[in-house]
Undergrad: 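To start, I am sharing the structure in question, which I have written as structure tokens.
Since the model is a prediction, treat every value here as computed from it, not as a measurement.
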Amino acid sequence: MKSDIYFMQRCAALGESAAAKGESPAGAVITKDDEIISEAMEAGKSKNDITCHAELEAIRFAVKKMGTNDLSGCVMYTTHEPCIMCSYSIRFYKIKKVVFQNAVQYLGGVSSSMPLLSTREVPPHWGEAPEIVHWNPFERNEL
């Protein structure tokens, strides 16, 4: 069984690749049943499209690969706290758990005045909020 550390390290590697290409250093991985089903790095600058955050790109790839809008059996790992745009998508696609490392200063889906990852103020058919883990590699060895 792969550990959460393994998936977070993969996110970090994707973020490093994004930074090397002049993008923000963000990477995201989506897993199902302990296997990576999609992964992506930040691509907003290279694609000239603000919606190409790592999390959204990973969701797009997962939806295409799985052939469904229901990602309720999936976990997202990401280098950064999902913004409100990404959080909207995470909720819409019903991702069950989100593990992120770095909190963001503005418009975070957990820490801002618009906590879309945890609020109950969403359409009822979206279901429950995902489990949210703010991962700190210096505090624990394993989740």
Side-chain angles (χ1 to χ4, degrees), residues 1-137 140 142-143:
M1 182 171 172
K2 295 182 181 98
S3 70
D4 289 334
I5 292 171
Y6 171 84
F7 297 123
M8 291 303 292
Q9 287 173 336
R10 182 66 192 137
C11 289
L14 289 163
E16 289 172 12
S17 293
K21 294 178 179 182
E23 299 283 352
S24 296
V29 168
I30 297 178
T31 66
K32 183 171 182 174
D33 300 327
D34 202 36
E35 294 297 324
I36 294 175
I37 61 166
S38 71
E39 61 182 29
M41 65 181 80
E42 197 80 4
K45 291 177 185 172
S46 62
K47 292 185 176 181
N48 198 28
D49 183 345
I50 190 63
T51 69
C52 293
H53 287 191
E55 297 89 350
L56 287 177
E57 291 286 271
I59 289 170
R60 287 180 181 119
F61 299 146
V63 165
K64 185 174 181 177
K65 181 176 184 174
M66 296 182 66
T68 181
N69 285 338
D70 184 359
L71 302 179
S72 59
C74 297
V75 176
M76 175 179 280
Y77 296 87
T78 182
T79 55
H80 292 77
E81 174 184 356
C83 72
I84 57 173
M85 175 177 64
C86 295
S87 296
Y88 181 101
S89 295
I90 290 165
R91 292 295 300 269
F92 178 84
Y93 290 105
K94 302 178 184 176
I95 293 172
K96 72 177 180 178
K97 181 178 178 182
V98 176
V99 181
F100 70 94
Q101 183 170 351
N102 301 302
V104 297
Q105 186 174 6
Y106 301 106
L107 301 176
V110 177
S111 63
S112 77
S113 62
M114 296 173 275
L116 289 179
L117 280 181
S118 59
T119 187
R120 293 176 186 245
E121 296 178 27
V122 296
H125 67 278
W126 286 13
E128 295 298 316
E131 177 184 351
I132 301 165
V133 177
H134 185 178
W135 185 73
N136 183 339
R140 9 182 155 146
E142 197 64 45
L143 294 176

Undergrad: Would you say the side chains of T31 and R10 form a donor-acceptor pair under 3.5 Å?
TA: no

Undergrad: Closest heavy-atom contact between T51 and M85?
TA: CA-CE, 3.9 Å

Undergrad: Do you know the tightest heavy-atom contact between V133 and K97?
TA: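 Taking every non-hydrogen atom into account, CG2-CE, 3.8 Å.
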
Undergrad: Which atom pair, heavy atoms only, marks the closest approach of E23 to G44?
TA: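 Smallest heavy-atom distance, with atoms named: OE1-N, 3.3 Å.
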
Undergrad: What pairs with T68 under side chain to side chain donor-acceptor pair (under 3.5 Å), at least two apart in sequence or on another chain?
TA: none

Undergrad: Can you tell me which residue among P82, S87, S118 is in a side chain to side chain contact (heavy atoms under 4.5 Å, CB included) with I132?
TA: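 For I132, the side chain to side chain contact (heavy atoms under 4.5 Å, CB included) test succeeds with only one of P82, S87, S118, which is S118.
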
Undergrad: Short question: side chain of E81, backbone of V104 - any donor-acceptor pair under 3.5 Å?
TA: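 Yes; judged by distance alone, with no hydrogens or angles, the pair exists.
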
Undergrad: Under a 3.5 Å distance rule, please check whether R91 uses its side chain to pair with a backbone N or O of L116 as donor and acceptor.
TA: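 Yes.
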
Undergrad: Closest heavy-atom contact between A26 and A54?
TA: O-CB, 3.8 Å

Undergrad: Could you state the interatomic distance from CZ (F92) to CG (L71), rounded to the nearest 0.5 Å?
TA: 10.0 Å

Undergrad: Listed by chain and number, what are the side chain to side chain donor-acceptor pair (under 3.5 Å) partners of Q101, not counting sequence neighbours?
TA: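 Counting only residues at least two positions away or on another chain, Q101 forms no side chain to side chain donor-acceptor pair (under 3.5 Å).
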
Undergrad: Could you measure the distance from the OH atom of Y6 to the CG atom of D34? Nearest 0.5 Å is fine.
TA: 9.5 Å

Undergrad: Do K2 and E35 sit within salt-bridge range, that is, some charged N less than 4.0 Å from a carboxylate O?
TA: yes

Undergrad: How are the rings of H134 and F100 set relative to one another: parallel (under 30°), tilted (30 to 60°) or perpendicular (over 60°)?
TA: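 Rings of H134 and F100: parallel, as their planes differ by under 30°.
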
Undergrad: Give the C-alpha distance, both sets of side-chain angles, the deciding distance and a yes or no for side-chain contact (heavy atoms from CB on, under 4.5 Å) between E16 and M41.
TA: CA-CA 9 Å; E16 289 172 12; M41 65 181 80; over 6 Å; no

Undergrad: Going from CG on D33 to SG on C74, what distance comes out if it is rounded to the nearest 0.5 angstrom?
TA: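 Rounded to the nearest 0.5 Å, the CG-SG separation comes out at 8.5 Å.
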
Undergrad: Check whether the side chains of E55 and S89 place a donor and an acceptor atom closer than 3.5 Å, and report yes or no.
TA: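 Per modelled atom types, E55 and S89 side chains form no pair under 3.5 Å.
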
Undergrad: Strictly distance-based, threshold 3.5 Å: is any side-chain N or O of S112 a donor or acceptor partner for the main-chain N or O of M114?
TA: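 Side chain of S112 to backbone of M114: a pair is present.
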
Undergrad: Find the distance between CG (L56) and CD (E42) and round it off to the nearest 0.5 Å.
TA: 9.0 Å

Undergrad: What closest approach, in Å, do K65 and I37 show between heavy atoms, and which atom pair accounts for it?
TA: CD-O, 3.1 Å

Undergrad: Locate the shortest heavy-atom distance separating I59 from Y93; write the atom from each residue and the value.
TA: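 Closest approach of I59 to Y93, heavy atoms only: CG2-CD1, 3.6 Å.
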
Undergrad: Measure from the side-chain N and O atoms of T79 to the backbone N and O of C11, and report whether any donor-acceptor pair falls under 3.5 Å.
TA: no

Undergrad: Backbone N or O of G22 within a donor-acceptor pair of the K45 side chain at under 3.5 Å?
TA: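 Yes; judged by distance alone, with no hydrogens or angles, the pair exists.
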
